[in-house]
Amino acid sequence: MADSWTDGLLLKIVNLITYFLFLGSNIYTVASPAGIYFHGKETYLTPAPWAFLIWSLIHILLLGTVIYQFFPSGKRVIVDGISWRFPLLAILNSIYVNLWASHHFILAFVLALFVSSAHIYYIVKKHHSPQETADELFIHLPFSLYHGWTTVLVVLSAFEAFGVNAVDKRAGVWTKVFVFLALFFLEGTAVTYAFSTPEGDLPASIAIAWSLWAIFAHQTSSKFIHWSALAFSILALIWVAKGAYGLFTRTRGARIALLDEERAPL
């Protein structure tokens with residue numbers, strides 16, 4: 001019996017509601033008078049405000065996700081596979097954003113750990129390989145990008161919760177050490193993404209590289225932090241290039257296989 005768009009309708013509706021809750025929480029932080037992305041706690045790891053524009057791309061892709069769930073291919077992964085983990089993730093992320101916007105940085109850091117460790121990324125990568133372009137665009141792309149970005153948010157939230165305020169305190173030796181370790185961790189995460197599969201995880205690597213360049217652009221008060229961020233940013237581009245090459249070779253291999261099938265004798 002063919003799948004109907006009404007199958008799993010309750011979960012589909014809940015996915016839509018929690019998606020717009022998630023979207024609304026981010027819109028509020030941008031539109032509110034506080035302007036959290038411009039007037040949050042300034043640390044020695046704070047990126048340039050444009051780094052947070054990546055949320056816009058994630059929201060657009062996730063909108064495609066909640067629409068794609070009404071199609072049979074999308075339903076098999078989003079409703080049957082991811083199941084109730086998506087609305088749970090959307091709720092946790094909304095709480096995180098609001099805690100962060102209200103400067104409850106320690107609680108926001110705790111929520112960031114839960115958000116980043118969400119099991120959706122691993123379910124999608126290990127159990128639901130893309131079968132068509134829509135799977136790539138509306139399932140693998142958004143959750144890879146989201147996982148890479150939320151890994152960055154964990155590190156940023158840790159510095160906001162426990163780091164010094166860069167506005168009134170100079171970067172001491174220990175601050176520089178911890179910033180360097182944080183940059184090294186992000187670089188190591190980009191390497192992990194690059195080798196997580198034979199072709200690598202390009203979107204997640206891009207999220208890491210994007211954030212590192214934003215940190216480099218914004219951190220100009222300490223030369224050590226500024227140039228360290230540049231070095232790690234350049235290295236991160238290597239893993240982006242590796243992921244891009246892997247994607248190209250996989251796509252090319254799939255096209256050759258398709259042509260071979262078409263040329264095969266009947």
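Heads up: numbering here begins at 1 and tracks the sequence. Values below: all heavy atoms of this structure, side chains included; hydrogens, waters and symmetry mates excluded.
- With rounding to the nearest 0.5 Å, the separation of CZ in Arg76 from CD1 in Ile82 is 14.0 Å.
- Heavy-atom minimum distance, Ala214 versus Ala51: CB-CB, 3.4 Å.
- Two residues are said to be in side-chain contact when any heavy atoms from C-beta on lie closer than 4.5 Å; Ile238 and Leu235 meet this criterion.
- Leu113 is not connected to Ile91 by any chain of hydrophobic side-chain contacts under 4.5 Å among Ile, Leu, Val, Met, Phe, Trp and Tyr, and they are in different clusters.
- Gln219 and Ser221 are not linked by any side-chain donor-acceptor pair at a separation below 3.5 angstrom, with hydrogens and angles left out of the test.
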Evaluate the side chain to side chain contact (heavy atoms under 4.5 Å, CB included) criterion for residues Leu237 and Trp213: first the C-alpha distance (whole Å), next the side-chain angles of each, then the deciding distance (0.1 Å), finally the verdict.
CA-CA 10 Å; Leu237 291 181; Trp213 281 102; 3.7 Å; yes
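- A heavy-atom distance below 4.5 Å is not found between the side chains of Phe159 and Lys41.
- Every residue meeting the side-chain contact (heavy atoms from CB on, under 4.5 Å) condition with Phe138, not counting sequence neighbours, appears here in chain and number order: Thr65, Tyr68, Ala134.
- A donor-acceptor pair under 3.5 Å is formed between the side chain of His140 and the backbone N or O of His128.
- Looking at heavy atoms from C-beta onward, Val79 lies out of side-chain contact with Asp7 at the 4.5 angstrom threshold.
- Cluster annotation: Ile27 is connected to Leu62 through the hydrophobic network of ILVMFWY side chains, with a link wherever side-chain heavy atoms come within less than 4.5 Å.
- Judged as a side-chain contact (heavy atoms from CB on, under 4.5 Å), and not counting sequence neighbours, the contacts of Ile67 are Leu63, Phe71.
- Judged by distance alone, with hydrogens and angles left aside, the side-chain atoms of Lys169 form no donor-acceptor pair with the main-chain N or O of Val164 at under 3.5 Å.
- Taking the six-membered ring where tryptophan is involved, the planes of Trp55 and Trp149 are perpendicular, since the angle between them exceeds 60° and thus also 30°.
- Proximity of Phe178 to Leu183: side-chain heavy atoms (C-beta onward) are nowhere separated by under 4.5 Å.
- In this structure, Thr150 contributes its side chain and Tyr146 its backbone to a donor-acceptor pair below 3.5 Å.
- Using modelled atom types, one finds no donor on one side chain facing an acceptor on the other under 3.5 Å when comparing Gln131 with Ser73.
- Linking Ile, Leu, Val, Met, Phe, Trp and Tyr residues whenever their side-chain heavy atoms come within less than 4.5 Å leaves Val115 and Ile123 in two separate clusters.
- Inter-residue side-chain proximity for Phe20 and Leu23 is flagged as met; some heavy-atom pair is nearer than 4.5 Å.
- Taken to the nearest 0.5 Å, the CG atom of Leu141 stands 11.0 Å off from the CZ atom of Phe143.
- For the ring-ring contact (aromatic ring centres under 6.0 Å, His included) with Phe162, the lone residue among Phe105, Trp174, Phe109 that qualifies is Phe109.
- Hydrophobic cluster membership differs between Val167 and Tyr44, with clusters built from Ile, Leu, Val, Met, Phe, Trp and Tyr side chains linked at under 4.5 angstrom.
- The side-chain hydrogen bond (donor to acceptor under 3.5 Å, both in side chains) search around Tyr96 returns Ser157, not counting sequence neighbours.
- Leu21 places none of its side-chain heavy atoms less than 4.5 Å from the side chain of Ile17.
- Of all the heavy atoms in Ser144 and Pro203, the pair that sits closest is CB-CB, 3.8 Å.
- Within the structure, the side-chain hydrogen bond (donor to acceptor under 3.5 Å, both in side chains) test picks out the following pairs touching residues 8-24 (sequence neighbours left out): Asn15-Gln69.
- Using a distance-only test at 3.5 Å, with no hydrogens or angles considered, no donor-acceptor pair links the side chain of Ser83 to the main chain of Asp80.
- Here the closest heavy-atom approach between residue Ser116 and residue Val154 is recorded as CB-CG2, 3.5 Å.
- Relative ring orientation between Tyr245 and Phe248 is described as tilted, the plane-to-plane angle lying within the 30° to 60° band.
- By the neighbour-count criterion of 12 heavy atoms within 6.0 Å, atom CZ of Phe114 is sparsely surrounded, having that number or fewer from other residues, nucleotides or ligands.
- Atom CG of Leu89 is separated from atom NE2 of His119 by 13.0 Å, given to the nearest 0.5 angstrom.
- Put simply, the side chain of Leu202 reaches to within 4.5 Å of the side chain of Ile206, judged on heavy atoms.
- Atom CG in Asp168 sits 11.0 Å away from atom CD in Glu42 (nearest 0.5 Å).
- Atom CZ of Phe22 is separated from atom NE2 of His59 by 4.5 Å, given to the nearest 0.5 angstrom.
- Judged as a side-chain contact (heavy atoms from CB on, under 4.5 Å), and not counting sequence neighbours, the contacts of Thr189 are Thr151, Phe185, Tyr193, Ile208.
- Listed here is the closest heavy atom pair of Val152 and Ser211: CG2-OG, 3.3 Å.
- Under a hydrophobic-cluster definition in which Ile, Leu, Val, Met, Phe, Trp and Tyr are linked whenever side-chain heavy atoms come within less than 4.5 Å, directly or via other members, Val66 and Leu9 are assigned to the same cluster.
- For residues 116-125, the set of pairs meeting the salt bridge (Lys or Arg N to Asp or Glu O under 4.0 Å) definition, not counting sequence neighbours, comprises Lys125-Asp201.
- Across all non-hydrogen atoms, the minimal contact from Trp50 to Trp210 is O-CZ2, 3.3 Å.
- In terms of heavy atoms, Leu212 sits closest to Phe232 at CD1-O, 3.7 Å.
- To the nearest 0.5 Å, the span separating OG1 on Thr6 from CZ on Phe70 amounts to 10.0 Å.
- Proximity of Pro47 to Leu156: side-chain heavy atoms (C-beta onward) are separated by under 4.5 Å at one or more points.
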